[in-house]
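Letters A, B, ... are given to chains in the order of the sequence lines, protein chains preceding strands, and every chain is numbered from 1. These numbers were taken from a predicted model, which means no experiment stands behind them.
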Protein chains: 2
Amino acid sequence: MENHEHSVQEAVQEMVQTMASKGWRITDQRRSLAALFAEAPGYLSPKDVYESMRQKYPGVSFDTVYRNLRLLSEMGVLEQFYLNDGLKFRARCHSHHHHHMICLQCEKTMPFEFCPMKQLSHLPDDFQIVNHRFEIFGYCPECAGERAATT
Amino acid sequence: MENHEHSVQEAVQEMVQTMASKGWRITDQRRSLAALFAEAPGYLSPKDVYESMRQKYPGVSFDTVYRNLRLLSEMGVLEQFYLNDGLKFRARCHSHHHHHMICLQCEKTMPFEFCPMKQLSHLPDDFQIVNHRFEIFGYCPECAGERAATT
DNA sequence: CTGCCTGCAAAGGCTTTGCATAGGT
DNA sequence: ACCTATGCAAAGCCTTTGCAGGCAG
């Protein structure tokens, strides 16, 4: 939309190349799917994806959407997340490690740099850490504004 | 099992009283359900709960389990959590604020005190924070041992 | 041309809902 | 006695699977 136009293109290319490198066929739909996630500011449900794809491919079916979401997740291009109202997907961040603030209304995500694991000490040291999760939920500036206005 | 026998009883009482105070009937099954969660060291799936309840009440039905899990969640007695393999429940911690380490194998949870929000500064201050989530995933001492032994 | 990808249809899980009966208050 | 909670059955999602035809490589 603004000046990240370039990185969106890059992201699509990266996803497509990942698919191709694993021997998957690059269909129009899969390219569109990659573009959809590259541009999405937040999480998308299978239904969101279906609705969105249907505008361009009226005959698209739910099972194809599910198949590709699943495959893209298994391959690490997308990441799954259970928000309160079900399973959602977003492009996985391949850049440096960071965490997100997630808007409870529009589900847009905003990255921030602080990682609690750096500060963390004296845990029981016999617990073998594999990964972690840290998210802050709330309302983004736009949604917070709306809510304040209508209340 | 050991010396937290007392607090388990207390927890059951607390849950039962919460139900009663909202005008709900205290059936044997609901009391058992409360006991089940008071004693559970980690997360339970609806199926786990069903299997467990069935031992005591062979005629129990899945829909009753779901109904009560839902009601207890809405009332704040239980909390829901999507682990990788589906929706799970556990008794909500009513004590002081803390976070958990969660074992990827046995799904047992272990509390710890560190909260990243205390350390957190310079987030975009126009994001209106509502709540947050911080979990560390890995293997608990027992499961880590098993894994090391069998590998 | 070959074999994966798609759309269709149907099945599979998990969860919810409607109704008559059992049971708490 | 009243009214909620339960069990049964069926329906409702959401997601996956099997199959024949279409399309990328």
Distance test, side-chain N/O of A/S61 to OP1/OP2 of C/dG7, below 4.0 Å: yes
Any A/Q29 side-chain nitrogen or oxygen under 4.0 Å from OP1 or OP2 of C/dG7: yes
Euclidean distance, atom CZ of residue A/R70 to atom C1' of C/dC5 [Å, nearest integer]: 16 Å
B/R92, CZ: over 12 other non-hydrogen atoms inside 6.0 angstrom: no
Length of the line joining B/D28:CG and D/dT4:P, which is rounded to integer Å: 20 Å
Length of the CG-C1' vector between B/D85 and C/dC14, whole Å: 13 Å
Of A/P46 and B/N68, the one whose closest DNA chain D nucleotide lies more 5': B/N68
B/D48 CG - C/dC14 P separation (whole Å): 12 Å
Evaluation steps, side-chain hydrogen bond (donor to acceptor under 3.5 Å, both in side chains), between A/E142 and A/Q105: CA-CA 10 Å; A/E142 295 78 41; A/Q105 184 160 304; over 6 Å; no
Nearest-Å distance for atom pair OH/C1', residues B/Y82 and D/dC14: 11 Å
Euclidean distance, atom OH of residue A/Y50 to atom C1' of C/dG7 [Å, nearest integer]: 11 Å
Listed nucleotide nearest any side-chain atom of B/R25, set D/dA5, C/dC5, D/dT16: D/dA5
Geometric class of the B/F37/B/F89 ring pair [parallel <30°, tilted 30-60°, perpendicular >60°]: perpendicular
side-chain hydrogen bond (donor to acceptor under 3.5 Å, both in side chains) between A/E113 and A/H99, intermediate numbers included: CA-CA 7 Å; A/E113 300 306 319; A/H99 296 277; over 6 Å; no
Residue met sooner reading DNA chain C from 5', once B/I26 and A/D63 are mapped to nucleotides: A/D63
Side-chain donor/acceptor contact of A/R67 with base of C/dG7 under 3.5 Å: yes
Spatial distance of atom OG (B/S73) from atom CZ (B/R90) [nearest 0.5 Å]: 12.5 Å
Whole-Å gap separating P (C/dC14) and CD (B/Q80): 16 Å
d(NZ, B/K88; C1', C/dC14) in whole Å: 14 Å
Phosphate OP1/OP2 of D/dA24: any A/T27 side-chain N/O under 4.0 Å: no
